[in-house]
Amino acid sequence: MPSNDVRTLLRVAVPTAVAGAVAVGISALVAGGKGALGAVVATLIVILFLGIGLVVLERTAKSLPHLFQAMGLMLYTAQILLLFIFVAAFKNTTLFNPKAFAITLVAATLVWIAAQTRAHMKAKILYVEPDSSEGKKPENKGSSS
């Protein structure tokens, strides 16, 4: 993975992990140990799912740029659906507090999206290809001498 991709992943995963740690603390105070466990599981799921999605999307952008927008829309839709499936699957669990799990899942997802938006806005992305090293100049079409 190129260093630029790692930098983007860190700029997004670290705030999400911090928000997850805050959620673990609040859940531990409100719902006890099971609440803290639910918040930990939710935070790990968000970082894992959305992290894999970010890596896939960045690789798609580099190798198949014409599919980037469609891939992004499909990927985000699939991720949101998977997160809803996790909330539904663990709705009645006794392993951890399902409310702490669901609230942390939503909060961590929102933090991830906000951090990813910020990282994208701060990134220095070229909108045009820089001139090649051969020094080719574009032809002047339509100019008469």
Side-chain angles (χ1 to χ4, degrees), residues 1-140:
M1 177 181 279
S3 65
N4 217 13
D5 297 348
V6 173
R7 191 176 313 124
T8 301
L9 188 59
L10 284 175
R11 286 181 180 167
V12 176
V14 169
T16 305
V18 170
V22 169
V24 168
I26 292 170
S27 297
L29 288 173
V30 173
K34 287 192 174 194
L37 182 60
V40 167
V41 170
T43 303
L44 291 176
I45 287 172
V46 168
I47 290 173
L48 180 69
F49 278 7
L50 298 181
I52 290 170
L54 181 64
V55 170
V56 167
L57 196 58
E58 287 183 352
R59 290 197 178 182
T60 300
K62 285 180 179 59
S63 61
L64 302 166
H66 59 283
L67 294 178
F68 178 70
Q69 186 175 13
M71 182 69 163
L73 291 171
M74 191 261 328
L75 185 68
Y76 290 134
T77 302
Q79 287 172 335
I80 295 298
L81 288 174
L82 280 172
L83 293 176
F84 280 133
I85 289 170
F86 264 88
V87 169
F90 291 110
K91 183 170 62 172
N92 296 320
T93 187
T94 58
L95 296 173
F96 48 77
N97 186 310
K99 286 184 182 178
F101 172 76
I103 292 169
T104 302
L105 194 72
V106 170
T109 301
L110 292 175
V111 169
W112 180 281
I113 291 169
Q116 188 173 3
T117 302
R118 184 178 188 280
H120 179 71
M121 297 299 285
K122 295 283 184 183
K124 306 244 188 286
I125 299 171
L126 297 174
Y127 293 100
V128 294
E129 291 290 325
D131 290 338
S132 67
S133 60
E134 296 174 6
K136 290 183 180 178
K137 294 186 179 185
E139 295 179 21
N140 291 334

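Numbering of residues begins at 1 and proceeds along the displayed sequence.
- Minimum heavy-atom separation, Val87 to Ala102: CG1-CB, 4.3 Å.
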> Going through the distances and angles, do Phe96 and Phe90 end up as a ring-ring contact (aromatic ring centres under 6.0 Å, His included)?
Replying inline: CA-CA 9 Å; Phe96 48 77; Phe90 291 110; 5.6 Å; yes
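- Considering CH2 of Trp112 and OG1 of Thr117, their distance stands at 12.0 Å, rounded to 0.5 Å.
- Taking each heavy atom of Leu10 and Pro15 in turn, the nearest pair found is O-CD, 4.0 Å.
- Here the OG1-CG distance, from Thr77 to Leu82, works out to 11.0 Å after rounding to the nearest 0.5 Å.
- With respect to Arg59, the side-chain contact (heavy atoms from CB on, under 4.5 Å) criterion is satisfied by exactly one of Val56, Leu57, Val55: Val55.
- With Thr8 as reference, Glu58 is the one residue of Glu58, Gln116, Lys122 to meet the side-chain contact (heavy atoms from CB on, under 4.5 Å) rule.
- A distance of 9.0 Å separates CE of Met74 from CD of Gln79, quoted to the nearest 0.5 Å.
- Taking each heavy atom of Phe101 and Gly38 in turn, the nearest pair found is CD1-O, 3.5 Å.
- For the pair Lys34 (side chain) and Thr94 (backbone), a donor-acceptor distance under 3.5 Å is present.
- Closest non-hydrogen pair, Val12 versus Ala119, comes out as CG2-CB, 4.2 Å.
- Side-chain contact between Leu64 and His66 is present, with at least one heavy-atom pair separated by less than 4.5 Å.
- Atoms CG and CG, on Leu50 and Leu54 in that order, are 9.0 Å from each other to the nearest 0.5 Å.
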Solution key, residues 103-110 side-chain donor-acceptor pairs under 3.5 Å, sequence neighbours excluded:
{"unit_1": "Thr104", "atom_1": "OG1", "unit_2": "Ala100", "atom_2": "O", "d": "2.7"}
{"unit_1": "Thr109", "atom_1": "OG1", "unit_2": "Leu105", "atom_2": "O", "d": "2.7"}

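- For the pair Ile47 and Ala13, the tightest heavy-atom approach, listed with the atom from each and the gap, is CD1-O, 4.3 Å.
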